[in-house]
There are 4 protein chains.
Amino acid sequence: MSSAKERLLESAKRLFSQKGYYATSVEDIVESAGVSKGTFYFYFKSKEELFKSLVEEMHLNIVKRLENFLEKELPLEDALIEYAKVFLEDIYQNRHIAQIFLFQLVGTNEEFRELYYTKIAHLRELLTKMVDRAIQKGEINYKNAENIVNLYAGFLRMLVLEYVFREKEPDLERVKSLAQEGVKVLFRGLKNA
Amino acid sequence: MSSAKERLLESAKRLFSQKGYYATSVEDIVESAGVSKGTFYFYFKSKEELFKSLVEEMHLNIVKRLENFLEKELPLEDALIEYAKVFLEDIYQNRHIAQIFLFQLVGTNEEFRELYYTKIAHLRELLTKMVDRAIQKGEINYKNAENIVNLYAGFLRMLVLEYVFREKEPDLERVKSLAQEGVKVLFRGLKNA
Amino acid sequence: MSSAKERLLESAKRLFSQKGYYATSVEDIVESAGVSKGTFYFYFKSKEELFKSLVEEMHLNIVKRLENFLEKELPLEDALIEYAKVFLEDIYQNRHIAQIFLFQLVGTNEEFRELYYTKIAHLRELLTKMVDRAIQKGEINYKNAENIVNLYAGFLRMLVLEYVFREKEPDLERVKSLAQEGVKVLFRGLKNA
Amino acid sequence: MSSAKERLLESAKRLFSQKGYYATSVEDIVESAGVSKGTFYFYFKSKEELFKSLVEEMHLNIVKRLENFLEKELPLEDALIEYAKVFLEDIYQNRHIAQIFLFQLVGTNEEFRELYYTKIAHLRELLTKMVDRAIQKGEINYKNAENIVNLYAGFLRMLVLEYVFREKEPDLERVKSLAQEGVKVLFRGLKNA
DNA sequence: CATGAATGAGTATTCATTCAT
DNA sequence: CATGAATGAATACTCATTCAT
């Protein structure tokens, strides 16, 4: 049986992702976790701290995965396709926390927005590094790595927003295939500049 | 001199976009507008209703602009580039309310998220129509209009998120040129499928 | 066509009697009367003053009617029966304002309760006088006039509460006949002490 | 020492009965009880719910008492006299909550009025049963049980209104003796029909 | 006479957080 | 570790009343 802290984390993830940070009360969380309020504050300094720790967790997951990818040094097209698939799978597996990270953080309040931009900057850096390498290797002819990240990351975000989060039971295979097609389109454009 | 209602609307836009829906209190809004609480409720049924009316306003603006574009029947590449520029200009001019529409709605609570998806669906439809026309005319060879919308709209969203909203004083000309470059890359990819 | 003041009075009577003093807002009243708030305060100093003036009006009505009855110097039984009928008819005709007078005044707040007791004391006095006369004339053998008023007035109040006010469309003839029967029962008891 | 909940209930009873439902604020109640606002809402869902629970409590008290009386199967005159005494004693002991039940409920708003009629209907039924039995046994000759209840209950209500609630320190013995006399008068009337 | 925009004190209710047990 | 009673500042919203036009 899961511990009180784990149950609190699970409940928080689910409720934050469903109802949003503000509309989720500590009361909601402890009730759903079946523990007392005192217990909540034994494990977490505050509601905000819990939220931020979820964000941190998700961020570290994505970063780790992305760094692993970088080490493989795949050709860019393969890398972009493979990573897109892994990313979508990952996001789907961690839907709740991912929703918080990708779409709640920016829109909730000033502090969270800043946190978002800090975390995202890190991820963009990693992606930029990957693209830069391909530019150096002459794999593509459009050489603005930052803007390539805009195209690629914007596309992935859109897929997540429109398919993974919007639909109750997303057809992940279809989303992955959309991702693959999209990246191919993109890559052709990058090569033929 | 501006009327009480106008001042309330301006204050609300600014504060919602800065601090977010929940972190902005009616107190904040009326204080910033220099009117009493009673006046707020004389003009708006509730904080929520005011928020939603701002969203509606922005939505109608974007739809109108997009419909105008559709009527022009430009070649797709030109249309995508021109619309991107107009869109970015527009979003910049209406930064506050646009921030609310594009990034707060999804992340705030369940009701707002549903509202977001409803509004966005409408915009995606219009874009899809534009792309479909180009497919019929043989302008491009990748024929999944929906996915092209994912690529294009995702890219624009990312530009807004990373440049227009992130930076205090965004260099709009640079963003537009990134947009133009990105669309060209994309279009090449679409043509050479 | 009725004047603004009359329409305000009518609306106030109806709304106060239906929803109660506190649950009826000045807004409700002016809306239902089709006039502006300014007009309300042109004719009435305050919501409370309007309410009290309605109470005063009803009180004067009942007092006048009762005094007329006293002058007739009927035998007690006839007087009690006749007055009961007239009273019920009257209350029915002025249902709204009567509801306010008889049942809202006591239960609403301290000030109104005191007002109620003052007004009611006056009515009880008149009734006591009527009964005293009958005692002096030897018409009845139970000689506690105050308690007779308790029996009689309590009975009438109960009829009003249970039949005139409770039912949407009260059968007034039936209520009057209940009143007549009840008074006869009462009178027999008074005579045979 | 009494618990926070008990103190809240006591304060609420007293204040509601003195100032009325609307004129008593939650602030008033918690201040008088010496607890915080949060504590109020820890124990009661709302001001209205607390009010209704007081009503329910009083209603159950009266019903229980009345049912006990019914079981005794006393001759009607004795029953009416004995019950009147017990009722007055009871009402006096629970003055505050009784005032709420008997005189505030009807006059406050629509919802409470309906609640009043529901509760009172129950009490009238029990009394009617008691009277019906006496009619069947031939104890009285006036056979309209419902109207007898009107006479009896109206009389008791009037005693409560005029003596128990009106006076700061009511002379309960005198009220009980008025009740006894009144019932005797009534009973003679009923017998000699 | 009449309007309706504007006021601001007041109200019920929420909720993150604390702490004695 | 765990509980849950208690806190009180904060919040959205109401409403009687005023007053310039």
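None of these values were measured; they are calculated from a predicted model. The chains referred to below are lettered A, B, ... by the order of the sequence lines, with proteins before strands, and numbering in each begins at 1.
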Approximate separation, where rounding is to 0.5 Å, of C:L8 CG and C:S11 OG:
6.5 Å

Where does the angle between the aromatic ring planes of C:F101 and C:Y116 fall among parallel (under 30°), tilted (30 to 60°) and perpendicular (over 60°)?
tilted

Give me the stems containing DNA chain E, sorted by first residue, counting only three or more consecutive Watson-Crick or G-U pairs with both distances under 3.5 Å; say none if there aren't any.
E:2-21 with F:2-21

5'-most to 3'-most nt of DNA chain F touching chain B (<4.0 Å, heavy-atom partner on protein side) reads F:dA12 to F:dC15

Mind checking whether D:Y22 and C:Y22 have parallel, tilted or perpendicular rings, split at 30° and 60°?
tilted

Does D:A4 or C:S46 map to a spot on DNA chain F nearer the 5' end, using the closest nucleotide for each?
D:A4

Using side-chain contact (heavy atoms from CB on, under 4.5 Å), reason through B:K5 and B:F44 one step at a time and then give a plain yes or no.
CA-CA 9 Å; B:K5 186 173 184 181; B:F44 308 102; 4.0 Å; yes

Nucleic acid contacts - residues 19-42 of chain D versus DNA chain E, non-hydrogen atoms under 4.0 Å:
D:T24, D:S25, D:V26, D:K37, D:G38, D:Y41

Measure NZ/B:K47 against P/E:dT14 and give the value in whole Å, please.
15 Å

With sequence neighbours left out, write down each residue that passes side-chain hydrogen bond (donor to acceptor under 3.5 Å, both in side chains) with B:K47, or none if nothing qualifies.
none

With A:K37 via salt bridge (charged side-chain N to carboxylate O under 4.0 Å, His left out) - residues at least two apart
A:E27

Walk me through whether D:E114 and D:K119 qualify under salt bridge (charged side-chain N to carboxylate O under 4.0 Å, His left out).
CA-CA 9 Å; D:E114 296 214 359; D:K119 297 297 181 199; over 6 Å; no

Check: B:V35 main-chain N/O paired with B:T39 side-chain donor or acceptor under 3.5 Å
no

Only one of A:R7, A:K13, A:R14 forms a salt bridge (charged side-chain N to carboxylate O under 4.0 Å, His left out) with A:E10, so which one is it?
A:K13

Listed partners of B:F51 passing ring-ring contact (aromatic ring centres under 6.0 Å, His included), at least two apart:
B:F16, B:Y21, B:F112

